[in-house]
Amino acid sequence: MFLPNLAPIPELYVSYESAQKLKHEAGALPSWDLTQRQVCDLELLMNGGFHPLKGFVTEADYNGVVEKMRLADGTLFPIPITLDVSEAFAAGVEPGQDIALRDAEGVILAILSVTDKWQPVKAHEAEQVFGADDLAHPAVNYLHHQAGPVYLGGPITGIQQPVHYDFKARRDTPNELRAFFRKMGWRRVVAFQTRNPLHRAHQELTFRAAREAQANLIIHPVVGMTKPGDIDHFTRVRCYEAVLDQYPGSTTTMSLLNLAMRMAGPREALWHGIIRRNHGCTHMIVGRDHAGPGKNSQGKDFYDPYAAQELFKTHAAEIGIEMVDFKQMVYVQEKAQYYPVDEVPEGSTVLDISGTELRRRLREGLEIPEWFSFPAVVEELRRTSPARSKQGFTVFFTGLSGSGKSTIANALMVKLMEMGGRPVTLLDGDVVRKHLSSELGFSKEHRDINIKRIGYVASEITKNGGIAICAPIAPYTATRRAVREMIESFGAFIEVHVATSIEECERRDRKGLYKLAREGKIKEFTGISDPYEAPVHAELVVDTENVDVDHCAHQVILKLEQMGLIRA
Ligand code: PPS
């Protein structure tokens, strides 16, 4: 059994006076602008969350951690906390030199006294730390595609904490939590790590854990960086706040942890244990598939769902924290109660809703039963992930000049305005060129800039719940794809190819431009003297040669209905 040592943990900050002096002097030092993940790591280094680390790992510590989960002096530490930088920056820095570490706004947070500079073998790091050099693993993907090629290591001199503007009162350093536990007389505290909203299964699990460990409970969610695609931390914290009153206030607290998770499964569980011990906890809950990254590129789980519990068990004493392990919790209908899956009474009906199923129900606006979650949590989730019929989207027409894009787009706009419910904006080719892109011509470079501007405006409209209708020529596949990617993180993107042939466009020649193009009076004219790459995977292709405008617009409406974006 572990009794807490609630004495303050060493931090890496200098006094206020020294910090002011260092800030002044740091102007002369080379400056590194920290990435979002590095800011998270630095915060936990400086406040003692990663104790006993005193800085970003040196090469010897890195090798020990990667190979054996141990620092050079033998201390257990399973995740390498590295400072990755670009080759260009590294070229100007040598061991023995100090560098200033700044946040994205240029505020100096710390000084790194560089002792080591080396080039890691990233594939090896991935194999050892994450179990596979497989880009389907978010941290491996990060390692190869976002992390710089050179690592700098050495001790940190902390100047100031990273600034947070959100949920200030809910964030605590390890020493603030230790002081709170001391003040409350909490000698046994079990931590619940999470990156998801709390549903009833989690509540039951935390209740049981607190009972089993005869301990107080801290809900300790991660708000730094979690798995890409997770529900954003703003929504999650509002969800946690909504259920906090379901817990006994005298024995439960909640605090936010600005950790950048790696999703490293078993190794990550140990790391979480070390971090919780540093925050003054005596116990930690390790459930099914702790910090699991999901499936690998072969469609198999990266880690066995209970591997984290196995590894934790063998290192708990060394870390100085006890594990409270749980099997998956499921709802037993006859008992109207949650049970660990291995304790379900025989012959009973087990109910469960997976994460994927929950997302589907939210997307389609379907019922989420009370046995699964709390109405306040569901309401919060629905506010952030409204049903598709309430989300913004973009309809992107592409086709030759004179193909009929603008006419169909106008008809579509009117039809959508008749339905009401969402604001509609038409970004027509001509209008955009007048208001957004008046300085641009028709070279490939200028056309790409034009389309990306349209994409940016459409993505903002989509993000804010509106409907954007775009109608440029957009002749290049790669640029259309880039716009699609920009928009799909906020809502649906419907590419409509207005497939009027060049012959028909030229025959119509509404603006007389084809004639001028043929005479060479307009250069780089799409379809005549400039390329048009027809879409291969458009959501819809409309034929204006045999179908009238009204019907073309109606085909788009039917497509939107089929995709669940509008209700008939
Ligand atoms: S692009 O490629 O998407 O940036 O083009 P876009 O902004 O949609 O073009 C809008 C209108 O510009 C007129 N125009 C030309 N089109 C193609 N090539 C050349 N060289 C050119 N010069 C002027 C043309 O009328 C386009 O209007 P639409 O609405 O497509 O008929």
Side-chain angles (χ1 to χ4, degrees), residues 394-414 424-462 468-487 493-545 547-550 552-553 556:
T394 293
V395 180
F396 191 95
F397 290 96
T398 166
L400 297 167
S401 170
S403 56
K405 303 181 298 289
S406 310
T407 325
I408 304 171
N410 264 298
L412 176 67
M413 177 171 72
V414 173
V424 190
T425 306
L426 176 58
L427 298 163
D428 194 15
D430 283 339
V431 177
V432 168
R433 282 203 171 257
K434 187 165 162 216
H435 295 292
L436 276 184
S437 297
S438 56
E439 86 286 19
L440 298 181
F442 288 88
S443 63
K444 171 158 194 320
E445 193 198 351
H446 276 195
R447 287 180 196 262
D448 283 352
I449 297 173
N450 181 41
I451 298 307
K452 284 185 181 157
R453 284 181 191 168
I454 295 176
Y456 173 71
V457 176
S459 74
E460 286 293 311
I461 292 170
T462 305
I469 305 175
C470 315
I473 298 176
Y476 298 107
T477 308
T479 325
R480 292 192 302 260
R481 192 182 309 129
V483 170
R484 177 186 288 274
E485 279 165 18
M486 226 188 271
I487 287 163
F493 180 81
I494 303 95
E495 189 172 347
V496 182
H497 180 200
V498 183
T500 316
S501 66
I502 181 80
E503 295 76 20
E504 176 64 13
C505 292
E506 193 165 2
R507 199 188 55 74
R508 293 180 192 166
D509 203 5
R510 297 241 159 80
K511 300 182 194 163
L513 295 176
Y514 282 92
K515 185 166 175 290
L516 294 174
R518 286 287 180 204
E519 291 166 4
K521 291 184 183 146
I522 303 180
K523 304 269 177 271
E524 300 176 308
F525 195 83
T526 308
I528 304 291
S529 43
D530 222 46
Y532 179 77
E533 300 170 2
V536 198
H537 299 298
E539 274 72 11
L540 190 68
V541 181
V542 293
D543 165 16
T544 65
E545 293 173 42
V547 186
D548 68 21
V549 172
D550 191 47
C552 288
V556 183

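We number each residue from 1, following the sequence as shown. Numbering of ligands and ligand atoms starts at 1, following listing order. The basis for the numbers below is simple: all heavy atoms, side chains too, and nothing from hydrogens, waters or symmetry mates.
- Closest to atom 30 (O) of ligand 1, if we only count protein heavy atoms, is Lys405 NZ, 2.8 Å.
- No side-chain heavy atom of Val541 sits less than 4.5 Å from a side-chain heavy atom of Glu495.
- Formation of a donor-acceptor pair under 3.5 Å by the Arg480 side chain with backbone atoms of Ile451 is not found in this model.
- Although no hydrogens or angles enter the test, the distance criterion places a donor-acceptor pair under 3.5 Å between the side chain of Asp509 and the main chain of Tyr514.
- Atom 28 (P) of ligand 1 has its closest protein heavy atom at Lys511 NZ, 3.5 Å.
- In terms of protein heavy-atom proximity, atom 6 (P) of ligand 1 is nearest to Arg433 NE, 3.5 Å.
- Side-chain N or O atoms of Ser437 include none that pairs as donor or acceptor with a backbone N or O of Leu440 at under 3.5 Å.
- Among protein heavy atoms, atom 16 (N) of ligand 1 sits closest to Ile473 CD1, 3.4 Å.
- Among all protein heavy atoms, the one lying closest to atom 18 (N) of ligand 1 is Arg447 NH2, 3.1 Å.
- For ligand 1 and Glu524, the ligand atoms under 4.0 Å from any heavy atom of the residue are 18 (N), 19 (C), 20 (N).
- For the pair Glu485 and Arg481, the salt-bridge criterion is not met [side-chain N within less than 4.0 Å of a carboxylate O].
- For the pair Lys405 (side chain) and Phe397 (backbone), a donor-acceptor distance under 3.5 Å is absent.
- Ligand 1 places these atoms under 4.0 Å from at least one heavy atom of Ile451: 3 (O).
- With salt bridges taken as basic N to acidic carboxylate O contacts below 4.0 Å, none links Lys444 and Asp530.
- With respect to atom 15 (C) of ligand 1, the closest heavy atom belonging to the protein is Phe442 CE2, 3.4 Å.
- Contact annotation for Lys523 and ligand 1: only backbone heavy atoms (N, CA, C, O) come within less than 4.0 Å of the ligand.
- For atom 3 (O) of ligand 1, the closest non-hydrogen atom of the protein is Ala474 N, 2.8 Å.
- At a heavy-atom cutoff of 4.0 Å, ligand 1 is contacted by both the backbone and the side chain of Phe525.
- Close approach to Pro472 involves these atoms of ligand 1, each under 4.0 Å from a residue heavy atom: 3 (O), 8 (O).
- When atom types are taken as modelled, the side chain of Thr398 and the backbone of His497 share no donor-acceptor pair closer than 3.5 angstrom.
- Contact check on Arg507 versus Glu503 returns no salt bridge, with no Lys/Arg side-chain nitrogen under 4.0 Å from an Asp/Glu carboxylate oxygen.
- Closest to atom 11 (C) of ligand 1 among all protein heavy atoms lies Asp430 OD1, 3.3 Å.
- Counting heavy atoms under 4.0 Å from ligand 1, residue Thr526 touches it through both backbone and side chain.
- In this structure, CG in Asp448 is found 7.0 Å from OH in Tyr476, a value given to the nearest 0.5 Å.
- With a 4.0 Å cut-off on non-hydrogen atoms, Pro475 touches ligand 1 through its side chain and not its backbone.
- Residue contacts with ligand 1: Gly402 is placed with a nitrogen or oxygen under 3.5 Å of a nitrogen or oxygen of the ligand (distance criterion only).
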Test Arg518 against Glu506 for salt bridge (Lys or Arg N to Asp or Glu O under 4.0 Å), laying out the working first.
CA-CA 10 Å; Arg518 286 287 180 204; Glu506 193 165 2; 2.6 Å; yes
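- Using a 4.0 Å cutoff on heavy atoms, Leu513 counts as a contact of ligand 1.
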